[in-house]
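No experiment lies behind these values; they were computed from the predicted model shown.
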Amino acid sequence: MKVILYMTATQREKHLIDTVRAGFKRHGVETKFFEVKQYQKADPHFDLAVFVGVRRKSARIYRHSRAINQPTLMIDKGYFRRDLSFHRFSINGPQPYYVTQVQGDRNRLRELGVKVAYKPQPPAANKVVYAGASDKYSIFHSLGGSEETLWDSNAGLYPEGSPDKLMAADTYTTEVCSKLHDAITKSGKDLKLVYRPQPSWWQRKEFHYCPPNATISLPDERFGDVLSSCYCLATHGSNAGVEAALAGVPVLSTGDPTTNPLHDLVNTSFDEAINAPKRPTEAELEKRLAALAWCQFKYDEISNGFAWDTVKQWVK
């Protein structure tokens, strides 16, 4: 087996590169490093393409590889302990399509300190929160905009040719918040629409967009405080959905099973989410989170080959 690693040779990522290569070597797998910034097209001579997160080039790598039926491994932040001590491994998609089939004991989840014992939702919960995504995420998932209109975070400027100044994330935010507002209005419920931007969104220097009929959750407001008064949280596939579900808050998935690991357990209809939001049972949620705990790995689990040994069965 031959694996190509589309990664970047920065000091920050060098440790991850060395760790991933060591893990593959334990299995006798040959790896080649390729600087992701130089990527142009998929190389069919490799049996697996590895890339990190939803960078500018990641969407292109993912689509090109899948177009030639080349399996992919996406590495990203973990679902739990998101301090970079864990990395999520997902085969052939941004989320593990096979999560409902993952069999693993629940001790791994408990060792992470994750406890599923949420309380009934407080009657005073009156906020419908949309957890937004970054432009890179939105472009990766084709939610609006294109790679050419990607926010230039280094220059702090919008690209020319974008007179409305709506980037990919803004475009999708407008669409989702419009649907949420319509559902709230039809329900007659006294609910407030809140937009919770992805943290990187605040890095923009020229323009901060807020969708009509919504208020913005400011960056100094803790997410836990937001959830304490949250009636329902909408997200395409952000880890905010996992945190909300753990807090007992109903979740609306605007994505699908390939983008949201809780999609089949939560609300998928805007009207349903506003009128009669459902929550998974504690048993259902714990089982799913336990499965997700087996999709993320520590550095030593990656370097000793345990991570690859765990996920390789899903390469088909």
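- For the pair Arg26 and Trp308, the cation does not sit on the ring face, since its NZ or CZ is not both under 6.0 Å from the ring centre and inside 45° of the axis.
- For an aromatic pair to be called close, the ring centres must be under 6.0 Å apart, and Tyr6 with Phe33 fails this.
- To the nearest 0.5 angstrom, Leu73 atom CG is 5.0 Å from Ile75 atom CD1.
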For side chain to side chain contact (heavy atoms under 4.5 Å, CB included), just list the numbers for Cys295 and Val102, CA-CA rounded to whole Å, side-chain angles, deciding distance to a tenth of an Å, and then say yes or no. CA-CA 9 Å; Cys295 297; Val102 173; 4.3 Å; yes

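- Classified by interplanar angle (parallel below 30°, tilted 30° to 60°, perpendicular above 60°), the ring pair Tyr130/Tyr195 is parallel.
- Pairing each heavy atom of Tyr231 with each of Pro277, the nearest pair is OH-CD, 3.4 Å.
- Residue Lys2 places its NZ atom among more than 12 non-hydrogen atoms of other residues, nucleotides or ligands, all under 6.0 Å distant.
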Practice prompt. Please report the C-alpha distance between Glu30 and Arg21 in whole Å, then the side-chain angles of each, then the deciding distance to 0.1 Å, and finally whether the salt bridge (Lys or Arg N to Asp or Glu O under 4.0 Å) criterion is met.
Written response: CA-CA 8 Å; Glu30 178 186 345; Arg21 300 189 84 165; over 6 Å; no

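- Listed for the Gln70 side chain is no donor-acceptor partner under 3.5 Å among the backbone atoms of Ala67.
- Residues Phe297 and Phe86 place their aromatic rings such that the two centres sit no closer than 6.0 Å.
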Could you give me the CA-CA distance, side-chain angles and deciding distance for Glu282 and Lys287, then say whether salt bridge (Lys or Arg N to Asp or Glu O under 4.0 Å) is met? CA-CA 8 Å; Glu282 288 186 23; Lys287 182 179 180 181; over 6 Å; no

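- Remark: the backbone N or O of Glu175 is not paired with any side-chain donor or acceptor of Ser178 at under 3.5 angstrom.
- Note that the OG1 atom of Thr72 and the CD1 atom of Ile4 stand 13.5 Å from one another [nearest 0.5 Å].
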Worked verdict on Lys186 versus Asp182 for salt bridge (Lys or Arg N to Asp or Glu O under 4.0 Å): CA-CA 6 Å; Lys186 284 191 297 181; Asp182 289 347; over 6 Å; no

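- In this structure, CZ in Arg196 is found 13.5 Å from OG1 in Thr173, a value given to the nearest 0.5 Å.
- For Leu252 against Ala273, the heavy-atom pair with the smallest separation is CB-CB, 3.9 Å.
- Relative to the ring axis of Tyr39, Lys57 does not place its NZ or CZ within 45° and under 6.0 Å from the centre.
- Between the side chains of Tyr79 and Glu243, no donor-acceptor pair of N or O atoms lies under 3.5 Å.
- Note on Lys312 versus Asp309: salt bridge recorded, some NZ/NE/NH1/NH2 to OD/OE distance being below 4.0 Å.
- A salt bridge between Lys298 and Glu111 is absent, with no side-chain N of the basic residue lying under 4.0 Å from a carboxylate O of the acidic one.
- Leu193 contributes atom CG, which lies 11.5 Å from atom NZ of Lys127 (distance to the nearest 0.5 angstrom).
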Please assess Lys37 against Glu13 for the test salt bridge (Lys or Arg N to Asp or Glu O under 4.0 Å), listing each intermediate value before the final yes or no.
CA-CA 14 Å; Lys37 295 179 182 178; Glu13 195 152 302; over 6 Å; no

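- When the shell of 6.0 Å around NZ of Lys278 is examined, it contains more than 12 heavy atoms from other residues, nucleotides or ligands.
- Expressed to the nearest 0.5 Å, how far CG of Asn267 lies from CG of Leu233 amounts to 11.0 Å.
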Please determine whether side chain to side chain contact (heavy atoms under 4.5 Å, CB included) holds for the pair Arg88 and Gln95, giving the CA-CA distance in whole Å, both sets of side-chain angles, and the decisive distance to 0.1 Å. CA-CA 9 Å; Arg88 180 172 85 233; Gln95 295 286 350; 3.9 Å; yes

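- In terms of heavy atoms, Asp105 sits closest to Trp294 at O-NE1, 3.0 Å.
- For the residue pair Asp256/Thr258, the side-chain donor-acceptor check at 3.5 Å is satisfied.
- The two residues Arg106 and Ala290 make their nearest non-hydrogen contact at CG-CB, 3.8 Å.
- Note on ring orientation: taking the six-membered ring where Trp is involved, the planes of His236 and Tyr172 are perpendicular (angle over 60°, cut-offs 30° and 60°).
- At a threshold of 4.0 Å, the pair Arg108-Glu301 counts as salt-bridged, since one of the basic side-chain nitrogens sits closer than that to a carboxylate oxygen.
- Counting only distance, with no hydrogens or angles, the side chain of Ser238 and the backbone of Thr235 share no donor-acceptor pair below 3.5 Å.
- Comment: Glu284 does not engage Arg288 in a salt bridge, judged by the lack of any side-chain N to carboxylate O separation of less than 4.0 angstrom.
- Remark: the Arg63 side chain and the Ser142 side chain contain an N/O donor-acceptor pair separated by less than 3.5 Å.
- From Ile274, atom CD1 reaches atom NZ of Lys189 across 9.0 Å, with rounding to the nearest 0.5 Å.
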